[in-house]
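For reference, the structure discussed in these notes is given below.
The chains referred to below are lettered A, B, ... by the order of the sequence lines, with proteins before strands, and numbering in each begins at 1.
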Amino acid sequence: MKPPSDFFERVYAVVRRIPPGRVTSYGAVACAIGAAGAARTVGYAMNASQNDPTVPAHRVVNRVGLLTGKFHFGGLQAMQQQLEEEGIEIKNDAVVHFQRHFWDPMTDDSEASAPFLPHRK
DNA sequence: CCGGTGACCATTA
DNA sequence: GTAATGGCCACCG
């Protein structure tokens with residue numbers, strides 16, 4: 001087996017912490033692992049995560065809540081299907097009420113709501 | 001060592 | 001509001 005780089009493993013750890021019915025953005029994960037700015041690398045790690053079913057990559061979307069990685073999934077509908085199963089509504093390959101389902105690995109507000117908006121004031 | 005690639009993000013026009 | 005460009009970081013050959 002080829003153990004993934006420490007960086008990848010760190011990404012997997014964060015993604016695995018994502019509670020069901022919640023979604024997060026690559027930038028948030030990157031920042032959580034201390035690699036702020038390496039959001040692209042996070043997506044790259046996700047691609048390798050497909051080998052690890054323990055990583056719910058379908059819960060990871062871009063900052064606009066768009067399922068940019070659906071093309072890399074087995075089926076284009078697979079990612080959307082999974083999210084809908086979690087209770088998340090998808091419209092035009094985009095997460096509805098993305099803010100509401102947004103979950104920050106650092107905030108870890110699995111119980112409390114997340115009025116926190118990634119919007120820069 | 002160097003170049004190319006990528007499931008991104010931010011700024012500017 | 002949308003569209004286009006640059007920059008950032010990490011992995012692969």
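A side chain to side chain contact (heavy atoms under 4.5 Å, CB included) with A:Val95 holds for exactly one of A:Leu66, A:Val61, A:Asn62; it is A:Val61.
Between A:Pro105 and A:Ile18 there is no side-chain heavy-atom pair separated by less than 4.5 Å. The shortest distance between side-chain heavy atoms of A:Val23 and A:Val60 does not fall below 4.5 Å. A:Phe98 is not listed as a side-chain neighbour of A:Val64, based on a closest heavy-atom distance of 4.5 Å or more.
Checking the phosphate oxygens (OP1, OP2) of B:dC8, a side-chain nitrogen or oxygen of A:Thr68 falls inside 4.0 Å.
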Go through it in stages, so that I can follow the logic: the residues are A:Val14 and A:Val42, the test is side chain to side chain contact (heavy atoms under 4.5 Å, CB included), and I'd like the CA-CA distance, side-chain angles, deciding distance and then a yes or no. CA-CA 11 Å; A:Val14 177; A:Val42 175; over 6 Å; no
Test A:Phe73 against A:Gln82 for side chain to side chain contact (heavy atoms under 4.5 Å, CB included), laying out the working first. CA-CA 11 Å; A:Phe73 264 72; A:Gln82 286 279 5; 5.6 Å; no
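Among the protein residues, A:Asn62 comes within range of the sugar-phosphate backbone only, with heavy atoms under 4.0 Å from sugar or phosphate atoms but none that close to a base. In this structure, A:Gly27 reaches the sugar-phosphate backbone alone: every heavy-atom distance under 4.0 Å involves primed, P, OP1 or OP2 atoms, never a base. A:Ala57 comes within 4.0 angstrom of a base, heavy atoms only. Among the protein residues, A:Phe73 comes within range of the nucleic acid bases, having at least one heavy atom under 4.0 Å from a base atom.
Note: CE (A:Met46) to C1' (B:dA7) measures 9 Å, nearest angstrom. Note: OH (A:Tyr26) to C1' (B:dA10) measures 17 Å, nearest angstrom. Whole-Å rounding puts the A:Leu83 CG to B:dA7 C1' distance at 13 Å. Distance, A:Leu66 CG to B:dC9 P: 10 Å, rounded to whole Å. Here B:dG6 presents its C1' atom at 15 Å from CZ of A:Phe71, a figure rounded to the nearest Å. Rounded to whole Å, the distance from CD1 on A:Ile33 to C1' on B:dC8 is 13 Å. Across the protein-nucleic acid pair, A:Asp52 atom CG and B:dA7 atom C1' stand 16 Å apart, rounded to whole Å.
Both A:Tyr44 and A:Arg40 lie near DNA chain C, and the one whose nearest nucleotide falls closer to the 5' end is A:Arg40.
Atom CZ of A:Arg16 is separated from atom CZ of A:Arg59 by 12.5 Å, given to the nearest 0.5 angstrom.
Between chain A and DNA chain C, the heavy-atom contact criterion of under 4.0 Å yields a 5' to 3' nucleotide range of C:dG7 to C:dC12.
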